[in-house]
Amino acid sequence: ADLVLGAEVFNNNCAACHAGGQNSVINERTLQKGALEQYLAGGFNVEAITTQVTNGKGAMPAWGDRLDEFEIAAVAAYVFDQASGNKW
Ligand code: HEM
């Protein structure tokens with residue numbers, strides 16, 4: 001997946017609640033590796049991120065009808081890369 005596209009999708013759609021990999025709604029549910037391992041349904045992997053982005057969860061909206069499959073794949077790969085590399 002395209003990490004440059006993923007960064008653009010993230011900045012345009014996700015940063016409102018997840019600026020810098022944080023979570024302004026439920027503070028401990030960040031996009032950092034340790035939080036994803038603890039809270040993300042399905043564990044710390046691209047598929048689990050893709051599922052949550054597509055379907056939403058709780059106060060997080062679903063993106064499956066607003067982003068196309070390439071945009072979702074790109075943003076999931078970007079979040080995984082940022083988290084696995086401790087880039088935020
Ligand atoms: C949780 C990604 C947009 C609110 C999460 C998690 C991921 C994620 C991977 C799991 C974090 C964890 O469990 O530690 C994204 C992406 C977005 C996006 C890639 C853009 C496509 C948003 C927006 C909001 C939001 C715009 C606010 C309106 C939340 C909330 C949670 C969450 C409240 C916690 C859900 C729960 O476990 O109850 N997000 N998010 N997200 N996100 Fe987002």
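Quick note: residue numbers are just sequence positions, from 1. Both counts, for ligands and for their atoms, begin at 1 and track the order of listing.
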A.B. asks: Please identify which atoms of ligand 1 are closer than 4.0 Å to at least one heavy atom of V53.
C.D. replies: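 What qualifies from ligand 1 is 16 (C), 19 (C), 21 (C).
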A.B. asks: Is there a donor-acceptor contact under 3.5 Å from the side chain of E71 to the main chain of D68?
C.D. replies: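 Between the backbone of D68 and the side chain of E71 there is a qualifying donor-acceptor contact (under 3.5 Å).
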A.B. asks: Using a strict 4.0 Å cut-off to heavy atoms of N13, name the atoms of ligand 1 that fall inside it.
C.D. replies: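 Here the atoms of ligand 1 in question are 26 (C).
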A.B. asks: Starting from atom 34 (C) of ligand 1, locate the nearest protein heavy atom and write down its residue, its atom name and how far away it is, to 0.1 Å.
C.D. replies: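 Atom 34 (C) of ligand 1 sits closest to the protein heavy atom N23 ND2, 3.8 Å.
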A.B. asks: Is L3 reachable from V75 through a run of I, L, V, M, F, W or Y residues, each pair having side-chain heavy atoms under 4.5 Å apart?
C.D. replies: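 Yes, one cluster joins them.
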A.B. asks: What atoms of ligand 1 come closer than 4.0 angstrom to any heavy atom of K57?
C.D. replies: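 Within the 4.0 Å cut-off of K57, ligand 1 contributes 35 (C), 36 (C), 37 (O).
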A.B. asks: Quick one: does P61 get within less than 4.0 Å of ligand 1, heavy atoms only?
C.D. replies: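 Yes, P61 has heavy atoms under 4.0 Å from ligand 1.
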A.B. asks: With atoms numbered from 1 as shown, which atoms in ligand 1 lie under 4.0 angstrom from a non-hydrogen atom of L36?
C.D. replies: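 So the answer, numbered in order with elements, is 9 (C), 10 (C), 11 (C), 12 (C).
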A.B. asks: Could you walk me through whether L31 and Q82 pass side-chain contact (heavy atoms from CB on, under 4.5 Å), step by step?
C.D. replies: CA-CA 8 Å; L31 306 187; Q82 289 287 113; over 6 Å; no
A.B. asks: Mind checking whether atom 43 (Fe) of ligand 1 has an N, O or S of C14 under 2.8 Å?
C.D. replies: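 No - counting backbone and side chain alike, C14 has no N, O or S atom under 2.8 Å.
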A.B. asks: Would W88 and F80 count as a close aromatic pair, with their ring centres under 6.0 Å?
C.D. replies: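 No, the ring of W88 stays outside the 6.0 Å limit from the ring of F80, centre to centre.
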A.B. asks: Output yes when a side-chain donor or acceptor of D81 lies under 3.5 Å from a complementary backbone atom of A77, and no otherwise.
C.D. replies: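 Flag not set: sc D81 to bb A77 has no pair under 3.5 Å.
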A.B. asks: In terms of residue, atom name and distance, what is the protein heavy atom nearest to atom 43 (Fe) of ligand 1?
C.D. replies: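 Ranked first by proximity to atom 43 (Fe) of ligand 1 is H18 NE2, 2.0 Å.
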A.B. asks: For I26, counting its heavy atoms only, list the atoms of ligand 1 lying under 4.0 Å from any of them.
C.D. replies: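 Under 4.0 Å from I26, ligand 1 has these atoms: 38 (O).
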A.B. asks: To the nearest 0.1 Å, how far is atom 27 (C) of ligand 1 from its closest protein heavy atom, and which atom is that?
C.D. replies: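 The answer is C17 SG, 2.1 Å.
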A.B. asks: Atom 15 (C) of ligand 1: which protein heavy atom is closest, and how many Å away?
C.D. replies: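 It is M60 CE, 3.3 Å.
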A.B. asks: Just need the protein heavy atom nearest to atom 5 (C) of ligand 1, so name the residue and atom and give the distance.
C.D. replies: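 Result: Q52 NE2, 3.2 Å.
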A.B. asks: What protein heavy atom is closest to atom 13 (O) of ligand 1, reported as residue, atom name and distance in Å?
C.D. replies: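 Among all protein heavy atoms, the one nearest atom 13 (O) of ligand 1 is Y39 CB, 3.1 Å.
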A.B. asks: The test is side-chain contact (heavy atoms from CB on, under 4.5 Å); show your working for Q38 and E28 and say whether it passes.
C.D. replies: CA-CA 10 Å; Q38 189 172 352; E28 66 273 22; over 6 Å; no
A.B. asks: With rounding to the nearest 0.5 angstrom, report the OG1 to CG distance, T51 to N45.
C.D. replies: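 Going from the OG1 atom of T51 to the CG atom of N45 covers 8.5 Å.
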A.B. asks: Measure across Q32 and A83 and return the closest heavy-atom pair with its distance rounded to 0.1 Å.
C.D. replies: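 Heavy atoms only, the tightest pair is C-CB, 4.3 Å.
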A.B. asks: Any N or O on E28 sitting closer than 3.5 Å to an N or O of ligand 1?
C.D. replies: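 Between E28 and ligand 1, no N or O pair is found under 3.5 Å apart.
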A.B. asks: So which protein heavy atom does atom 36 (C) of ligand 1 come closest to, and at what separation?
C.D. replies: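 Protein heavy atom at minimum distance: R29 NH1, 3.4 Å.
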A.B. asks: Can you name the atoms of ligand 1, numbered from 1 with element, that are less than 4.0 Å from a heavy atom of A35?
C.D. replies: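 Listed by number with element: 14 (O).
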A.B. asks: State plainly whether one hydrophobic cluster holds both M60 and V79, where clusters connect Ile, Leu, Val, Met, Phe, Trp and Tyr through side-chain heavy atoms under 4.5 angstrom apart.
C.D. replies: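 Looking at the clustering, V79 is in the same group as M60.
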A.B. asks: Starting from atom 14 (O) of ligand 1, locate the nearest protein heavy atom and write down its residue, its atom name and how far away it is, to 0.1 Å.
C.D. replies: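 Residue, atom and distance for the closest contact: T30 O, 2.7 Å.
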A.B. asks: Would you check whether W63 has a nitrogen or oxygen atom less than 3.5 angstrom from a nitrogen or oxygen atom of ligand 1?
C.D. replies: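 No, W63 has no N/O under 3.5 Å of an N/O on ligand 1.
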A.B. asks: Same cluster or not: L67 versus Y78, using hydrophobic residues (I, L, V, M, F, W, Y) connected whenever any side-chain heavy atoms lie under 4.5 Å apart?
C.D. replies: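 Yes: a chain of side-chain contacts under 4.5 Å links L67 to Y78.
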